[in-house]
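Numbers here simply count residues along the sequence, with the first being 1. As the structure is a prediction and not an experimental result, all values here were calculated from the model.
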Amino acid sequence: MSNDVIISVEGLGKRYKIKHQAERQRYTALRDVIANQFKRLFQTRNPKLETRNSEEDFWALKDVSFEVKQGEVVGIIGRNGAGKSTLLKILSRITEPTTGRVHLKGRVASLLEVGTGFHPELTGRENIFLNGAILGMSRAEIKRKFDEIVAFAEVEKFLDTPVKRYSSGMYVRLAFAVAAHLEPEILIVDEVLAVGDAQFQQKCLGKMQDVSLTGRTVIFVSHNMETVTRLCGTAILMKDGVLKSKGATHKVVAEYLHDGRGTTAFCSWRNSPKLPGNDVVRLIEVKAHDLLGCVKDTFDVREPIGITLCYQILRNDVALVDDLNVFNDQGLMLFVSHNVGAEGYNKPRAVGCYESTAWIEGNLMAEGGCVVSLGVVTISPFTFHARVDHAIAFQVTDPIVGGSARGSYTSEFPGVMRPFLKWTTKRLVNGENLAAT
């Protein structure tokens, strides 16, 4: 393990025993128990009946290995049941692994679920000192951070109230404040932040970024891909207890979003036995790319997105139109576009290969996943000559650094589109009189 590696996981596995009961047993009285004992005396043993209540091994984690360097912010993603929470519990030393081992350098502060690490009978003030002591901090160190923790959590009025009387939101605010401010070398945060309100979630994300800038390591689990992409430089994708991939966040998130449907920002049919289409036109490939032509799975909300379709025209007597349909991840159609205004629009073209590009302007799309269906059609009568549904997909993220319609607003920003509209404001002459009427 090199000096800059702070977490090393080698061949990690976690096995649980699952019991199965063949059929639901009815309520039994004492007389039934006695009667059954007498019956067994005169019955021949039946192995099948004896194994009705069986056990099987379930591996929540299987041969997981990875390293995390000091100062990295790593997102762990995957569907429910992928093994994310089990992995965090092992990293937090809550659960022992069945196989493999974990090396951790330094103190670990974890926020896995509401209630973890706090004693419900103790007050908020007492729990702050208790958590600090567990992390190995002196009373003087905790006192030095105490005011920052209370200010961040915004629970000053309830500081001397037992935490069992806190709401879930108050509980999480204080728990996160303690975990983030007591200067652990490793901060582990699960989806528990979803309990807090949007404003506090953004406050926590900002704090985690600050923590990483001081050289400390953050492990973050979330189902919100926009948040993971914004916060984490590296991501780990878990599936069925196995580490499926680890790398740059935008690539791993793209793999997760398109897992199961095989959709990425590039699709080619060059090596297919038959290209999509008919005797008029055949599709060759399609891609989503930036201004330099580089294929990308993730785009900044402010940058233009190019959709390029390559196809082969087989007949020169048909008027063809390029057709583009863009949907969000919920299946809502965002817009349809034809190559109106392009040279040769709705006119026959010579036989040959063509490349058509549509540009989606920056500051138009909202954050989230986009799926593109496309084809080549004739308008009158409307006919699809070549069409592929869900051909490519990509992700749009807003880094909240200015320059987008979000501005400095950090809470949830709804809407299926996010245009950067031009606003003008002017002061009315005699405006004071208008307000009075």
Given side chain to side chain contact (heavy atoms under 4.5 Å, CB included), test R93 with L104 step by step and report yes or no.
-> CA-CA 10 Å; R93 301 189 179 101; L104 302 170; 3.7 Å; yes
Under 4.0 Å between a Lys/Arg side-chain N and an Asp/Glu carboxylate O for E185 and R216?
-> no
Flag yes if more than 12 heavy atoms outside E303 fall under 6.0 Å of its CD atom; otherwise flag no.
-> yes
Side-chain contact test, heavy atoms from C-beta onward, threshold under 4.5 Å: evaluate it for T357 versus I307 and give yes or no.
-> no
Check whether the side chains of T308 and H289 place a donor and an acceptor atom closer than 3.5 Å, and report yes or no.
-> yes
Shortest non-hydrogen contact from V108 to S110?
-> CG1-OG, 3.8 Å
Carboxylate-amine/guanidinium proximity below 4.0 Å for E367 and R406 | yes
Does atom NZ of K17 have more than 12 heavy-atom neighbours from other groups under 6.0 Å away?
-> yes
Walk me through it: do M333 and S373 pass the test side chain to side chain contact (heavy atoms under 4.5 Å, CB included)?
-> CA-CA 10 Å; M333 180 177 281; S373 298; over 6 Å; no
Can you tell if the side chain of I236 reaches within under 4.5 Å of the side chain of I77, non-hydrogen atoms only?
-> no
Under 3.5 Å, is there a donor-acceptor pair linking the side chains of T98 and Y16?
-> no
Please tell me if the side chains of K246 and V252 come closer than 4.5 Å, counting only heavy atoms from C-beta onward.
-> no
Taking the six-membered ring of Y354 (Phe, Tyr or Trp), confirm whether the NZ or CZ of R349 is under 6.0 Å from its centre and within 45° of its axis.
-> yes
Scanning both residues in full, the closest heavy-atom pair of G11 with D63 reads CA-OD1, 3.3 Å
Are the side chains of I7 and I219 in touch, meaning some heavy atoms are under 4.5 Å apart?
-> yes
On the 0 to 90° scale, with breaks at 30° and 60°, tag the H338-F382 ring pair as parallel, tilted or perpendicular.
-> parallel
Closest approach of G415 to A366 (non-hydrogen atoms, all atoms of both residues) | O-CB, 3.4 Å
Answer yes or no: is there a side-chain heavy-atom contact under 4.5 Å between I305 and F394?
-> yes
Flag side-chain contact, heavy atom, 4.5 Å: V189 against M208 | yes
Over all heavy atoms of both residues, which pair between L275 and R282 is shortest? Give the atoms and the distance, please.
-> O-NH1, 2.9 Å
Begin from the C-alpha positions of Y166 and V172 and carry the test side chain to side chain contact (heavy atoms under 4.5 Å, CB included) through to its verdict.
-> CA-CA 9 Å; Y166 283 17; V172 168; over 6 Å; no
Is a side-chain N or O of T378 found less than 3.5 angstrom from the main chain of A319, in a donor-acceptor match?
-> no
Do F152 and F176 touch side chain to side chain, with heavy atoms closer than 4.5 Å?
-> yes
Are N339 and S356 close enough that a side-chain donor and a side-chain acceptor fall under 3.5 Å?
-> no
Side-chain donor-acceptor pair present, E72, T234, cut-off under 3.5 Å = yes
Go through the steps to decide whether R101 and L12 satisfy the test side chain to side chain contact (heavy atoms under 4.5 Å, CB included), and finish with yes or no.
-> CA-CA 6 Å; R101 54 185 179 177; L12 202 63; over 6 Å; no
Does V295 have any side chain to side chain contact (heavy atoms under 4.5 Å, CB included) partners at least two apart in sequence or in another chain, and if so, which?
-> A265, F266, K287
Salt bridge check: are D240 and K62 linked by an N-O gap of less than 4.0 Å?
-> no
Side chain to side chain contact (heavy atoms under 4.5 Å, CB included) with P304: which residues, sequence neighbours excluded?
-> L291, W359
Minimum heavy-atom distance between M417 and L334, given as atom pair plus value = SD-CB, 4.2 Å
pair S245-L237: side-chain heavy atoms closer than 4.5 Å | yes
Is the closest side-chain donor-acceptor distance between D322 and Y311 under 3.5 Å?
-> yes
Have S404 and D398 got a donor and an acceptor in their side chains that come within less than 3.5 Å?
-> yes
